[in-house]
Asker: 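Would you mind keeping the following structure in view while I ask a few things?
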Amino acid sequence: MNKLKEKIISDGKVFEGDVLKVDSFLNHQIDIELLKWIGEEFRRRFDGFKIDKILTIEASGIAIASSVALCFGVPLLFAKKSEGVNVTGNKFFSKVYSFTHKCWNTIYVSAEYLSKGEKVLIVDDFLASGSAIEGLVDLVSQADAEVAGIGICIEKSFQDGGMKIRTRGYKLESLAIIESMDNRTQEITFSEPN
Ligand code: 5GP
């Protein structure tokens, strides 16, 4: 079992509504050794790929993506969530449905930081229904840049995001794929044991 799966088993908390809380090591307090391993593991899984930039979405993707960017030696760009005021200038926008907050958010990046032809590795903490990743893919395509791959820390395969993304033909690597989780028993099962 890899380090992330071990940590999910020991410290993850399953909540109602198919939500896994990883606040003690990934989403609030951050286990830096684990973060380092995550960066190195994505570097290994995308070895041989040309990657010019790492793209994620604020807020919880940023720490993960920074570790990945450090391992690839490339810049990290994060999509911002628009507050709806004073968002001016040349930007790419997309809409994302928030799984955790149950609302639509507009996200954007400055056109200045995402250029035509760039090879982008998209990274995020969770993959549930796929809206966050689809929004990020949309920003990349508006810039005429290219999605080199998608790296997810925790995919919940009982939700349909992974299927949607794989059907579109992207190389998707998830470090932990949760097949089922139960908020009453706190039992979590992964799709592959290793
Ligand atoms: P999706 O857009 O794929 O439906 O959901 C992915 C986004 O929702 C991620 O950026 C993540 O922040 C959040 N998310 C989805 N599922 C979970 C979960 O089980 N736990 C936590 N903490 N965040 C989640």
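Both counts, for ligands and for their atoms, begin at 1 and track the order of listing. Predicted model, so just to flag it, every value in this text is computed and none were measured.
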Asker: Look at atom 18 (C) of ligand 1 and find which of His101, Glu58, Lys156, Lys13 reaches it with the closest heavy atom.
Answerer: Lys156
Asker: Determine whether any heavy atom of Asp124 lies closer than 4.0 Å to an atom of ligand 1.
Answerer: yes
Asker: State if Glu134 counts as touching ligand 1 under the rule of any non-hydrogen atom under 4.0 Å.
Answerer: no
Asker: Between Met181 and ligand 1, is there a nitrogen or oxygen pair with a distance under 3.5 Å?
Answerer: no
Asker: Heavy atoms only: which of Gly12, Ser60, Gly130, Gly61 lies closest to atom 3 (O) of ligand 1?
Answerer: Gly130
Asker: With atoms numbered from 1 as shown, which atoms in ligand 1 lie under 4.0 angstrom from a non-hydrogen atom of Val19?
Answerer: 19 (O), 20 (N)
Asker: Could you list which atoms of ligand 1 come closer than 4.0 Å to a heavy atom of Asp18?
Answerer: 19 (O)
Asker: Just distances here: any N/O of Leu127 and N/O of ligand 1 closer than 3.5 Å?
Answerer: no
Asker: Of the protein's non-hydrogen atoms, which lies at the shortest distance from atom 4 (O) of ligand 1, and what is that distance?
Answerer: Ser129 N, 2.8 Å
Asker: Taking a cutoff of less than 4.0 Å between a non-hydrogen atom of the residue and any ligand atom, is Ile133 in contact with ligand 1?
Answerer: no
Asker: Which option, Thr56, Ile178, Leu26, Asn27, owns the non-hydrogen atom nearest atom 22 (N) of ligand 1?
Answerer: Asn27
Asker: Using the six-membered ring of Phe99, assess whether NZ or CZ of Lys102 lies under 6.0 Å from its centre and within 45 degrees of the ring axis.
Answerer: yes
Asker: Locate the shortest heavy-atom distance separating Ser174 from Arg166; write the atom from each residue and the value.
Answerer: OG-NH2, 4.1 Å
Asker: For Ser131, counting its heavy atoms only, list the atoms of ligand 1 lying under 4.0 Å from any of them.
Answerer: 1 (P), 2 (O), 3 (O)
